[in-house]
There are 2 protein chains.
Amino acid sequence: MSTTPDRTDDSLIALRRILRATELYERKLARSAGLTPPKLRVLQILAARPDGSATPKALAVQMGVAQATVTALVDKLEADRLVSRLRSETDRRQTNVAITGAGRDALGQAPDALQQRFVRAFEGLADWEQAQLVSSLERVAAMLDAEEMDASPVLAVGDLKTGTPS
Amino acid sequence: MSTTPDRTDDSLIALRRILRATELYERKLARSAGLTPPKLRVLQILAARPDGSATPKALAVQMGVAQATVTALVDKLEADRLVSRLRSETDRRQTNVAITGAGRDALGQAPDALQQRFVRAFEGLADWEQAQLVSSLERVAAMLDAEEMDASPVLAVGDLKTGTPS
DNA sequence: TTTTTTGCTTTGGATGTCTAAGTAAAGGGG
DNA sequence: CCCCTTTACTTAGACATCCAAAGCAAAAAA
């Protein structure tokens with residue numbers, strides 16, 4: 001039986017290289033901007049929003065960590081004036097965490113890891129190559145996060161103690 | 001306008017989904033096996049070696065952390081009998097960290113995140129689709145870790161297919 | 001032999017992360 | 001209106017990761 005799991009192995013190896021390279025580079029970049037990776041991610045998420053703000057809850061879900069963790073991160077970012085807290089008018093339980101000008105400046109010092117590494121090379125590719133790459137990446141992404149959606153709509157927070165199957 | 005299929009954005013989004021899904025799932029898996037992600041990675045690296053062992057130095061390089069960090073991780077894994085330390089005969093400065101039977105058992109409880117998520121879907125694809133995916137992933141990986149090379153002589157799970165072009 | 005380099009550990013401290021418990025606001029009956 | 005539940009966030013306490021710097025021991029070089 002020529003099982004030839006070659007392709008599977010090859011794809012896994014490539015995927016691992018992608019993950020590893022990105023992770024290591026992210027750490028390096030964050031350090032060089034005087035930030036840590038989690039803090040950097042908070043700023044990135046905020047900057048990516050149209051209004052530059054989000055609730056701690058939303059941050060927790062998007063980052064996949066507990067709310068308490070976000071609180072701690074925001075505490076420190078706020079102490080450094082990189083974000084600011086503002087109570088919501090409509091629902092006073094909610095807090096809006098907004099990126100400040102200084103926060104955006106800091107982001108500029110640590111541009112997105114993927115951007116840095118990937119974009120330049122990608123944009124040098126021929127049109128059909130770009131199209132194929134996008135198609136492949138989206139396919140892989142769908143494979144990977146498909147089960148994420150249904151299995152744990154809000155997997156981050158405190159709920160899934162139930163974890164272990166059988 | 002409208003269409004302007006910004007391929008760069010699309011590819012970045014897909015890449016981010018891949019990274020995020022893998023990271024979150026890895027955390028979940030490690031927890032379900034009573035391990036933490038870094039400890040799990042140590043076991044995975046060891047298990048992927050032909051002899052099931054590596055020096056702390058090699059682990060540090062491959063994981064992208066300081067040696068002191070590896071020492072701490074190995075301390076705990078050793079306390080749990082998941083790995084064992086053994087001084088090298090040929091160079092008594094070196095220590096060999098080897099995975100134990102219990103360590104392999106633990107690994108079995110937390111099978112590789114990518115394996116779990118990805119392999120099944122991948123192997124259901126048509127031959128030409130697999131080929132295209134591999135090609136695309138390898139291309140992306142090469143884009144991402146090209147500059148990484150200097151810092152990581154031995155980066156992958158065993159072998160490295162065709163080296164990256166200069 | 002003496003010095004330097006190399007591999008690993010120890011120390012001390014910063015950070016991230018979680019769970020559990022607490023506070024405060026909103027919403028729903030009764 | 002009051003009580004109860006839910007929701008959003010914070011606080012408190014406990015671990016775990018991670019690092020730089022210093023220490024130690026063995027190998028290599030001078």
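Chain letters run A, B, ... following the sequence lines, proteins first and then strands; every chain starts at 1. This structure is a prediction, so every number in the text was calculated from the model and none was measured.
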**Prompt:** How long is the line joining CG of B/N96 and P of C/dT9, in whole Å?
**Reply:** 11 Å
**Message:** Nearest whole Å is fine: how far is C/dA26 P from A/Q94 CD?
**Reply:** 10 Å
**Prompt:** B/R85 side chain N/O closer than 4.0 Å to the phosphate oxygens (OP1, OP2) of C/dT9?
**Reply:** yes
**Prompt:** Is there a donor-acceptor pair under 3.5 Å between the side chain of A/T100 and the backbone N or O of A/L82?
**Reply:** yes
Which pairs, protein N/O on one side and nucleotides 27-30 of chain D N/O on the other, fall under 3.5 Å?
from: D/dA27; atom 1: OP1; to: B/R92; atom 2: N; distance (Å): 3.1

**Asked** Between A/L40 (CG) and C/dT15 (P), how many Å, whole number?
**Response** 15 Å
**Prompt:** Counting only N and O atoms by type, is there a donor-acceptor contact under 3.5 Å from the side chain of A/S135 to the main-chain atoms of A/A131?
**Reply:** no
**Message:** For A/R93, is there an ion pair with A/D91 - N to carboxylate O distance below 4.0 angstrom?
**Reply:** yes
**Prompt:** Any salt bridge between A/R41 and B/E23, counting N to O under 4.0 Å?
**Reply:** yes
**Fill in**
Atom CG of B/D75 and atom C1' of D/dA16 are separated, to the nearest Å, by 13 Å
**Item:** Salt-bridge criterion met for A/R16 and A/D9 (N-O under 4.0 Å)
**Value:** no
**Whole-Å distance separating the NZ atom of A/K57 from the P atom of D/dT6** = 14 Å
**Message:** Is it the case that atom CZ in B/R85 sees more than 12 heavy atoms from other parts of the structure closer than 6.0 Å?
**Reply:** yes
Under-3.5 Å N/O pairs linking protein and nucleotides 17-20 of chain D:
from: D/dT17; atom 1: OP1; to: B/T36; atom 2: OG1; distance (Å): 2.4
from: D/dT17; atom 1: OP2; to: B/K76; atom 2: NZ; distance (Å): 3.2
from: D/dC19; atom 1: OP2; to: B/A66; atom 2: N; distance (Å): 2.4
from: D/dC19; atom 1: OP2; to: B/T69; atom 2: OG1; distance (Å): 2.8

**Request:** State plainly whether the residues A/R81 and A/D105 are in salt-bridge range, i.e. N to O under 4.0 Å.
**Result:** no
**Asked** Going by an N to O cut-off under 4.0 Å, is there a salt bridge joining A/R7 and B/E123?
**Response** no
**Request:** Determine, stepwise, if the pair B/V83 / B/K39 fulfils side chain to side chain contact (heavy atoms under 4.5 Å, CB included).
**Result:** CA-CA 10 Å; B/V83 306; B/K39 287 182 194 166; over 6 Å; no
**Request:** Specify the separation, in whole Å, of atom CG of B/L24 and atom C1' of C/dT17.
**Result:** 14 Å
**Request:** Could you tell me whether A/T95 contacts a base, only the sugar-phosphate backbone, or nothing, with contacts defined as non-hydrogen atoms closer than 4.0 Å?
**Result:** sugar-phosphate
**Request:** Specify the separation, in whole Å, of atom CZ of B/R87 and atom C1' of D/dC24.
**Result:** 10 Å
**Message:** Can you measure B/E23 atom CD to C/dG16 atom P for me and round it to whole angstrom units?
**Reply:** 14 Å
